[in-house]
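Order of the sequence lines sets the chain letters (A, B, ...), proteins ahead of strands, with each chain counted from 1. Being a predicted model, the structure only gives us computed values, none of them experimental.
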Amino acid sequence: MCSPALEAVGSRMEKILLEIYDSLYKAFGPLHWWPGETPFEVSIGAILTQNTAWTNVEKAINRLKEHNLLSPECIRDIDINLLGEMIRSSGYYNQKAKKLKAFVDFLFLQYEGSMELMKETEMWTLRHELLQVNGIGMETADSIILYACYKPIFVVDAYTRRFLSRHKLIEEDAGYTHIQKLFMNNLPSDVAIYNEYHALIVQLGKELCSKTLPRCNICPLFVVITPFMGFFLAETIGVEETETEPVEVE
DNA sequence: ATCCTGTAAA
DNA sequence: TTTACGGGAT
């Protein structure tokens, strides 16, 4: 941001993003995501939860725990088909067994199987490395960096794109990196805030800003983004957008 | 654009 | 009986 105009846009966006955060926090927070779990367990969870409900991931993780398999060494050494059986409940179990193997192989190759050692790597360098691992895309890499390594990177997901798009803060087809920059360029670089913000967005997406039948009537963001309310109402409630007539809500 | 796949809510 | 899920690879 160098011109005064862009700077003004940036500061306004900062205000909006903080306002959204406050509203979501008052409604849902604090969510304390991944509390009391080891960085390794968080990483495994980040892979297993790909396009899968978290409740199904918990079962898989508990199963690994019960069998004392939740360590880099055990995941590395276990038969891949048996591993698949252990994590069956998380879906895509054959692919995910392969992905878990790929992750621990990387962990041993680069960091002697130590998450602590991995954590010492600079954030963007680590991200670049993780993206080379088969089965780890941008969202999973960022989840590991934020929730397992406690580094200030913002996690973007389908919920994030959906609610921002509905509020006309991004284009519907905005890319991952664009959305990530929107947050990271307009918010303080703070692990605790990025942690809670993403968790709050997920909660919003699941409970209210759902794919079909979003419950806008009870949404904490209903009154937040005033300049965009016209678009917001038009798209989510199905009212025709007009130039002159203000939209009426009961 | 399709495939990978179990689970639970709608 | 569908729908959606804390995606990624091909």
Side-chain angles (χ1 to χ4, degrees), chain A residues 21 24-25 27-37 39-64 80-106 127-150 153-166 172-180 183 191 193-215 218:
Chain A
Y21 180 87
L24 293 179
Y25 189 85
F28 303 124
L31 295 175
H32 46 75
W33 260 25
W34 275 314
E37 293 168 10
F40 183 70
E41 180 176 338
V42 172
S43 303
I44 297 306
I47 292 171
L48 293 183
T49 199
Q50 290 172 1
N51 203 34
T52 300
W54 180 251
T55 51
N56 296 330
V57 176
E58 282 185 311
K59 294 175 189 167
I61 297 218
N62 286 333
R63 192 132 180 235
L64 289 172
I80 192 166
N81 293 308
L82 181 54
L83 178 58
E85 187 51 40
M86 306 300 310
I87 63 170
R88 201 169 198 280
S89 69
S90 69
Y92 309 104
Y93 55 90
N94 283 316
Q95 291 204 88
K96 284 177 180 174
K98 204 176 297 180
K99 292 180 182 186
L100 293 185
K101 287 282 191 183
F103 174 66
V104 294
D105 286 347
F106 158 77
R127 187 179 201 261
H128 186 74
E129 292 178 0
L130 286 171
L131 288 177
Q132 308 305 305
V133 180
N134 186 283
I136 298 185
M138 291 192 274
E139 184 180 338
T140 304
D142 292 338
S143 294
I144 292 173
I145 292 168
L146 177 64
Y147 291 105
C149 300
Y150 316 117
I153 204 160
F154 202 93
V155 178
V156 175
D157 66 348
Y159 293 130
T160 312
R161 180 175 290 99
R162 189 159 76 212
F163 105 89
L164 288 176
S165 170
R166 282 176 174 170
E172 293 176 46
D173 58 352
Y176 186 101
T177 305
H178 175 80
I179 300 174
Q180 183 174 56
F183 287 97
V191 175
I193 291 186
Y194 289 179
N195 177 320
E196 183 71 12
Y197 211 145
H198 174 64
L200 289 169
I201 290 172
V202 171
Q203 194 69 21
L204 170 71
K206 282 201 286 204
E207 291 193 6
L208 305 176
C209 202
S210 39
K211 199 166 190 177
T212 61
L213 303 180
R215 306 165 71 185
I218 56 170

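B/dC3 and C/dG6 are spaced 23 Å apart, taking the P atom of each and rounding to whole Å. Atom name P, nucleotides C/dG8 and B/dT7: the rounded distance is 22 Å, in whole Å.
Between A/W54 and A/W34, the angle of the ring planes goes over 60°, which puts this pair in the perpendicular group of the 30/60° scheme. Using cut-offs of 30° and 60° for the angle between ring planes, the A/F103 and A/F106 rings count as tilted. The aromatic rings of A/F183 and A/F154 lie parallel to each other, their planes meeting at an angle below 30°, with 60° marking the opposite boundary.
Side-chain atoms of A/K96 come within 3.5 Å of backbone atoms of A/Q50 as a donor-acceptor pair (strictly under, hydrogens ignored). At least one donor-acceptor pair under 3.5 Å links the side chain of A/S89 to the backbone N or O of A/N56. The closest donor-acceptor contact from the side chain of A/R63 to the backbone of A/E85 lies under 3.5 Å. Remark: the backbone N or O of A/L31 is paired with a side-chain donor or acceptor of A/E196 at under 3.5 angstrom. Between the side chain of A/R88 and the main chain of A/Y93, no donor-acceptor pair closer than 3.5 Å is present.
Of the residues A/E129, A/H128, A/R127, the one that meets the side-chain contact (heavy atoms from CB on, under 4.5 Å) test with A/L131 is A/R127. The only option from A/D142, A/D157, A/T160 that meets the side chain to side chain donor-acceptor pair (under 3.5 Å) definition with A/Y176 turns out to be A/D142.
Counting only heavy atoms from C-beta on, A/T140 has its side chain closest to C/dG7 among C/dT10, C/dG7, C/dC5. Taking every side-chain heavy atom of A/W54 into account, C/dG6 is the closest of C/dG6, C/dG8, C/dA4.
Of the residues near DNA chain C, A/G137 and A/A53, the one whose nearest nucleotide (by heavy atom distance) lies more toward the 5' end is A/A53. Of the two residues contacting DNA chain C, namely A/K99 and A/K211, the nearest-nucleotide position lying further toward the 5' end is that of A/K211.
Atoms NZ (A/K101) and P (C/dG8) sit 22 Å apart, rounded to a whole Å. Atom CD of A/E58 is separated from atom C1' of B/dT7 by 13 Å (rounded to the nearest Å). Atom pair A/I87:CD1 and B/dT7:C1' shows a separation of 15 Å (rounding to whole Å applied). Between the CD1 atom of A/I145 and the C1' atom of C/dG6 there is a distance of 16 Å, rounded to whole Å. Going from atom CG of A/N134 over to atom P of C/dG8 covers 12 Å, rounded to whole Å. In this structure, the CD atom of A/Q50 is 17 Å from the P atom of B/dG6, given to the nearest Å. In this structure, A/I47 places its CD1 atom 14 Å from C1' of C/dA9, rounding to the nearest Å. Residue A/M138 contributes atom CE, which lies 11 Å from atom C1' of C/dG7 at whole-angstrom precision.
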Return the polar atom pairs (N/O with N/O) between nucleotides 8-10 of chain B and the protein under 3.5 Å, or none.
unit_1 : atom_1 : unit_2 : atom_2 : d
B/dA8  : OP1    : A/K59  : NZ     : 2.5

Distances under 3.5 Å between protein N/O atoms and the N/O atoms of nucleotides 1-4 of chain B, please, pair by pair.
unit_1 : atom_1 : unit_2 : atom_2 : d
B/dC4  : O4'    : A/Q95  : NE2    : 3.4
B/dC4  : O2     : A/Q95  : NE2    : 2.6

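Between A/Y159 and C/dA4 there is no side-chain polar atom (N or O) within less than 4.0 angstrom of OP1 or OP2.
Note on A/R162: only backbone sugar-phosphate atoms sit closer than 4.0 angstrom, heavy atoms only; bases stay farther off. Within the nucleic acid shown, A/T212 comes within 4.0 Å of sugar-phosphate atoms alone, with no base atom in reach, counting heavy atoms only.
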